[in-house]
Amino acid sequence: MDSATWEKIKDHPCFSEEAHHYFARMHVAVAPACNIQCNYCNRKYDCANESRPGVVSEKLTPDQALRKVVAVANEVPQLSVLGIAGPGDACYDWNKTRATFERVASEIPDIKLCISTNGLALPEHVDKLAEMNVSHVTITINMVDPAVGEKIYPWIFYGHRRYTGVDAAKILHEQQMLGLEMLTARGILTKINSVMIPGVNDLHLIEVNKWVKERGAFLHNVMPLISDPAHGTSFGLTGQRGPNALELKALHDRLEGGAKLMRHCRQCRADAVGLLGTDRGQEFTLDHVPLEPHYDGAKRQAYREVVARIRDDHLEAKEKAIATVASANIRGSLQVAVATKGGGRINEHFGHAKEFQVYEASQTGIKFVGHRKVEPYCHGGWGEDAALAGIIAALDGIDIVLCARIGDCPKERLMEAGIRATDTYGYDYIEAAISALHATEFGTAPSQATA
Amino acid sequence: MAFKIIASQCTQCGACEFECPSNAIELKGEKYVIDPKKCTECKGVFEIQQCASVCPMPKTCVPA
Ligand code: SF4
Ligand code: SF4
Ligand code: SF4
């Protein structure tokens, strides 16, 4: 990667897997109007107990959004990116997007601005996006063939009228490709989100990957369809299922070698706040933020200085660990699940983990392959057995769990399921621990730890 | 003649508000409402009523 690109992504948690250990994003839901209908979306749905992309409990005006961003920036030192990611389309509901970005940028000039869009209204705003320093754009592209698109989009609203069927999908496709090309030409980094819909566009996404790569997309994020009749989406109601983890992984593997894949996406809510994998949104609802917060960048500044210092150290340890594993030349591979709350270290208690990050140690080194969401085990003493059973199911195929602390009881239950767990490497760098573990497992170094 | 919004189905996305060529739609408290005195049914400007064709909820912007 060239250094100019690294500068653009090094504190963007979504565009860089490495950065997501250090930096946080927040989304503000200011632009609820949309110009297309997708079969996986239900605009009416809003539930505070439900976490899924696009869902939001609090729609904000640009002024309220500014208040919230300032409050979060004062309290969450990791904050580096402000995104507008639905519900609705940031480019279509343009006046609100623009007003929000202009206000925030004048208050907090160093925050990165980022939008998500379906692309239909994107081309007409690319110049203004560039002018406002919006550095990262995500376009949701689920098809390049209108015959496929027709099954995903019942209608679009374009040029003051509604289009349906293939006509709608064709216009959407053309606008998406044009918008992507225009962004690439201006050096704005793009991420393409694709929703994998089994039997509709799953294999077609291989074609999508080629098209977007040719047009300069920086990352391709293939996400599973979330479909539940209770969400009331068209797909939910027709019984269209989402892919399982293995199907998703198989598609990811087939896309290897094309446009670079994003594997650390958490399919966040449209009002998420914090490091990826954590959502502190509930701490910053409007009734929790001061009426006229004054921006105080001290915490963010101090945190950035710390990151700048420790990051090189981490990178060095990481590269060394990866090289060690690769040079051991061992055929077998090790699937490791890590409990972390950021900083690139194993620093979360087993019982508090809401997700485990999965790494694979193999002949090629140590690779981040994804994450597994779980219900935390320590939830105040009730339902622990059920939670543990759920975690064990979610950890299917994992050899070893690394965490900062784990009790004897869950450790034994995991062991019975064939999953080892250890806190021996608590607070170590993730890759360094995996390298040590790999050496112990495959007998290339004196045994240092027992799992 | 004018259009109206069935408030119980409205998601308050606001799309109709900025698409209306007559400035007839406004958020009043918790509800989007169409001012029947201002609504022209988009006649002479667009072939089809803008509020009805942008609205994500079926049968929510309807003839009054
Ligand atoms: S949904 Fe994915 S890309 Fe968007 S903020 Fe969350 S992790 Fe990043
Ligand atoms: S019919 Fe046309 S003029 Fe009347 S409210 Fe709807 S958009 Fe406005
Ligand atoms: S477009 Fe429909 S859903 Fe959106 S605010 Fe207008 S009436 Fe409500």
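Throughout, a chain's letter reflects where its sequence line sits, starting with A, and its residues are numbered from 1.
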Decide yes or no on side chain to side chain contact (heavy atoms under 4.5 Å, CB included) for B:Phe18 and A:Tyr92, but give the supporting numbers first. CA-CA 11 Å; B:Phe18 64 76; A:Tyr92 174 58; 3.6 Å; yes
Rounded to the nearest 0.5 Å, what's the gap from CG on A:Asn35 to SG on B:Cys13? Could you check?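 A:Asn35 CG to B:Cys13 SG: 10.5 Å, rounded to 0.5 Å.
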Can you tell me how far apart SG (B:Cys55) and CD (A:Gln37) are? Round to the nearest 0.5 Å.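 Rounded to the nearest 0.5 Å, the SG-CD separation comes to 10.0 Å.
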Under a 4.5 Å heavy-atom cutoff, which of A:Arg161, A:Arg162, A:His160 has the most pairs with chain B?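 Of the options given, most contacts go to A:His160.
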Using the side-chain hydrogen bond (donor to acceptor under 3.5 Å, both in side chains) rule, collect all pairs that involve residues 163-177 of chain A, keeping only residues at least two apart or in two chains.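 Every side-chain hydrogen bond (donor to acceptor under 3.5 Å, both in side chains) pair that includes a residue of residues 163-177 of chain A, provided the two are not neighbours, is A:Lys170-A:Glu174.
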Where A:Ala33 and B:Gly14 come nearest, the two heavy atoms and their spacing: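 It is CB-C, 4.4 Å.
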Those residues of residues 20-44 of chain B, ordered by number, that approach chain A below 4.5 Å (heavy atom to heavy atom):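 Listed by number: none.
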Using a cut-off of under 4.5 Å on heavy-atom pairs, state which of B:Gln50, B:Gln49, B:Gln12, B:Glu47 scores highest against chain A.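 Heavy-atom pair counts peak at B:Gln50.
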